[in-house]
Amino acid sequence: MTGSAGPSIQRYIQYHTDAEVRAAITEKHKSLTLAGPELQQILAELRVLAGTNPTMATGGYTGRRSGGPGPAPAPAPGAPTAAPAAAPSTGAGLSGNATTTIKMADGRSRTGILLADSETSGVLLENNRFVLLSKDGEVYREKPLAPKADWTHYDGSLSGNRYSPLELINATTVQRLGAAWVFPIPNTQRILQVTPIVQDGIMYVTGWNEIYALDATSGRQLWSYSDGARHEGIVSEAGIGTNRGASINGDKVFMVTDHAHVLGFNRFTGQKLWDIEMGSHLESYSSTSPPLPVGDLVVVGVAGGEEGARGFLDAYRASTGERVWRWYSIPKRGEKGSETWVGQALEHGCGATWMPGSYDPQLDLIYWAIGNPCPDIAGEERIGDNLYTSSVVALAAKTGELKWYYQFTPHDTHDWDAVQPMLLVDENWQGKPRKLLMHGDRNGMFYVLDRTNGEVLQTGNLSTKVTWLKGFDKAGKPIVDPGSIATKDGVAACPGGGGGANFPAASYNPLTKLFYTRVSDSCALYTSHDDPLGATGNRWFGRGTPGDKARAALAELLKGYKTGSYIRAMDPFTGKKAWDLPAPVGRSGVLSTGGGLLFLGGSGGLLVLDAKTGKALWNVNLAQITNATPMTYMVGGRQYIALSGTGTITAYMLH
């Protein structure tokens, strides 16, 4: 490759798979006829000449995750197990179960499928509706559902704000809080990231390609489904079983699988209604997070942001699984926006959409956070802003049409995806009611936008030290310090790759007027590499090894800097920090409530803080580390807090 076109051919080969190179040769040289083995030999020799990682031939797909997922793990010896579901792998749910007639305390008889029957409680599936029961001997009583408060998707509300007005658990009553029940997920014995969801007293939780329906007052299983498969070759978080939960839309419940399928179930019977593949895991697609219910649609994104997969959002008809629209986060070459990708990286630019979005029904707009560009650190073959990565996009709910976007980190070379929550808040802003979007970003900054048009209203340092940003232009676009962009020699910048904020849930409390999130105060070295897969193997990090000069620069940045992870409260009206608290072990986000409390996982179980001051009020140690965030619900006038841990779901209530 020493001719005039040699360098450009070399870069093309380095950034494209064998399938893409084969298609380009066939398209541009239609008269060329080569047998498959001959063409494959040419491709292999081209890779040697270009000096590329052999793994690049398949775009990083190696056929296994490091260590491999292996078979489903067995429950720990002596661990409690749930009753098996009826024929869970068939998708038939409870349709084959026999009906039973039970006697009620008032003398009536009721007929249905009796589930989770125990000495003190049960649940009757009657006319495709669940009836929660208490039991005294052979006689049953219907438990009242009201007063109730449901939690039907990941953050509890379409606004993405993990805030609940429930106030029974407050600073006065919190000392009476204790465990109500524990449910083990026997096939997923790892630190879970799932958020339970609840409607009408029934809870739904997910594990690794499995879903369970539970009595939310007792934790007893009603039905379950598992496809029994764990798909080799997935190197994203999905490849170790990460699944963040389900969502409800009407009489249906939805989940995703590790290999990027969306499944729809009848939420009463557990019958699988449809199964749609979003993208093949052999092309590096995977999925970890629940769909967002929007009218008669469910909107869902894909993972695979370090595997070279082109990000997109899909909207499916909740009733049938029919795909209504698809929006790509990375433009094709020649499309509008592709001019912000100068070089060869566009076809594998990533921009994953791996966390749930938010929705404003009045504006009929979906707000979705977009992941970082690929290769993560090496930006030399993607000169430009790299739209629409590291951004929030506002899409028309019915069509997926882009209405506006705001890019938090143009030309990101730090792995600062923007998938942190987008909180939709209606507040008075400078004396006038305004529709706001609040966001703490991984780039270390806090933002308040007008969500009708993307106008920047307020910014502030979320991380204490932020060195990549020189300010904002008149349009609110960040001005990137050129000295912070990754190079082959390495640069030092703050924050580090894991923060400011990351994916854990955030919350705005309308009573305290504070925004809460988990934050990292850190700095790191960012070093690019000629190979898009980098020095370490089969993922699109493009990460190299820093030199001594960069290491010295990092040491200088860290002098006197108190680094660490914190639960931090921000005043969104000033952009200033209100308080912070050293964060406990794990990756839990925060739930705030009308009871003036902040709930998070930590110190072995559930930790409760005063939302105004950050003072710790209550903690229980169940020897559980969590990477999930608490949620809350009410059934029959009793408030519960639920949180996942290591292979278990624990619910708490007042005693």
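Source: prediction; values computed, not measured.
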What I'd like to find out is whether the side chain of [X] reaches to under 4.5 Å of the side chain of [Y], using heavy atoms alone.
| X | Y | answer |
| --- | --- | --- |
| Ser286 | Val302 | no |
| Val635 | Met203 | no |
| Arg317 | Leu297 | yes |
| Met634 | Leu168 | yes |
| Asn627 | Thr242 | no |
| Leu600 | Pro584 | yes |
| Thr173 | Glu167 | no |
| Leu125 | Trp223 | no |

request  = Give a yes or no on whether Arg176 atom CZ has more than 12 heavy-atom contacts from other residues, nucleotides or ligands under 6.0 Å away.
outcome  = yes

request  = Check the surroundings of atom NZ in Lys612: do more than 12 heavy atoms from other residues, nucleotides or ligands lie under 6.0 Å from it?
outcome  = no

List, one per line, each side-chain donor-acceptor pair under 3.5 Å for residues 250-259, sequence neighbours excluded.
from   : atom 1 : to     : atom 2 : distance (Å)
Thr257 : OG1    : His259 : ND1    : 2.7
Thr257 : OG1    : His261 : N      : 3.1
Asp258 : OD1    : Asn209 : ND2    : 3.0
Asp258 : OD1    : His231 : ND1    : 2.7
Asp258 : OD2    : Trp208 : NE1    : 3.1
Asp258 : OD2    : Asn209 : ND2    : 3.3
Asp258 : OD2    : His231 : N      : 3.2
His259 : NE2    : His231 : NE2    : 3.4
His259 : NE2    : His261 : NE2    : 3.3

Ignoring hydrogens, what is the shortest heavy-atom contact between [X] and [Y]? Give both atom names and the distance.
| X | Y | answer |
| --- | --- | --- |
| Lys143 | Ser121 | NZ-CB, 4.1 Å |
| Pro504 | Ser588 | CB-C, 4.0 Å |
| Pro293 | Ser247 | CD-CB, 4.2 Å |
| Leu514 | Ala569 | CD1-CB, 4.2 Å |
| Ile185 | Gly207 | CG2-CA, 4.3 Å |
| Thr353 | Trp368 | O-NE1, 3.4 Å |

Keeping the roles fixed (side chain from [X], backbone from [Y]), state whether a donor-acceptor pair exists under 3.5 Å.
| X | Y | value |
| --- | --- | --- |
| Arg518 | Phe503 | no |
| Thr206 | Gly245 | yes |
| Trp325 | Ala397 | yes |
| Asp155 | Ser157 | no |
| Asn127 | Arg129 | no |
| Tyr204 | Arg267 | yes |
| Tyr508 | Leu423 | no |
| Trp181 | Ala216 | yes |
| Ser644 | Val194 | yes |
| Asn619 | Leu606 | yes |

inquiry  = What verdict does the side chain to side chain donor-acceptor pair (under 3.5 Å) test give for Thr648 and Gln624, after you've listed the backbone C-alpha separation in whole Å, the side-chain angles of each residue and the deciding distance to 0.1 Å?
reply    = CA-CA 9 Å; Thr648 61; Gln624 291 277 303; 2.9 Å; yes

key: ring pair (Phe, Tyr, Trp, His ring centres under 6.0 Å) partner of Tyr633, the single match among Trp151, Tyr652, Tyr640   = Tyr640

request  = Check the pair Tyr140 / Leu124 against side-chain contact (heavy atoms from CB on, under 4.5 Å), numbers first and verdict last.
outcome  = CA-CA 10 Å; Tyr140 295 85; Leu124 188 69; over 6 Å; no

In Å and rounded to the nearest 0.5 Å, what is the [atom1] to [atom2] distance from [X] to [Y]?
| X | Y | atom1 | atom2 | result |
| --- | --- | --- | --- | --- |
| Lys135 | Arg141 | NZ | CZ | 13.0 Å |
| Gln175 | Trp618 | CD | CH2 | 8.5 Å |
| Ser289 | Trp354 | OG | CH2 | 7.0 Å |
| Ile169 | Thr593 | CD1 | OG1 | 7.5 Å |
| Thr217 | Leu133 | OG1 | CG | 9.5 Å |
| Lys272 | Ile211 | NZ | CD1 | 12.0 Å |

query = When you check the side-chain N and O atoms of Thr111 and Thr101, is any donor under 3.5 Å from an acceptor?
reply = yes

Test item: side-chain donor near acceptor, Ser164 and Thr632, under 3.5 Å = no

message = For the aromatic rings, using the six-membered ring if either is Trp, is the centroid distance between Phe312 and Tyr285 under 6.0 Å?
response = yes

inquiry  = Applying side chain to side chain donor-acceptor pair (under 3.5 Å) to Arg244 and Thr288, what does each step give before you reach the verdict?
reply    = CA-CA 6 Å; Arg244 297 186 176 90; Thr288 57; 2.6 Å; yes

request  = For the pair Tyr367 and Leu395, evaluate side-chain contact (heavy atoms from CB on, under 4.5 Å) and give the outcome as yes or no after the intermediate values.
outcome  = CA-CA 7 Å; Tyr367 302 87; Leu395 306 178; over 6 Å; no

task = Mind running side chain to side chain donor-acceptor pair (under 3.5 Å) on Thr195 and Arg162 for me, showing each step along the way?
result = CA-CA 11 Å; Thr195 292; Arg162 200 168 284 226; 3.2 Å; yes

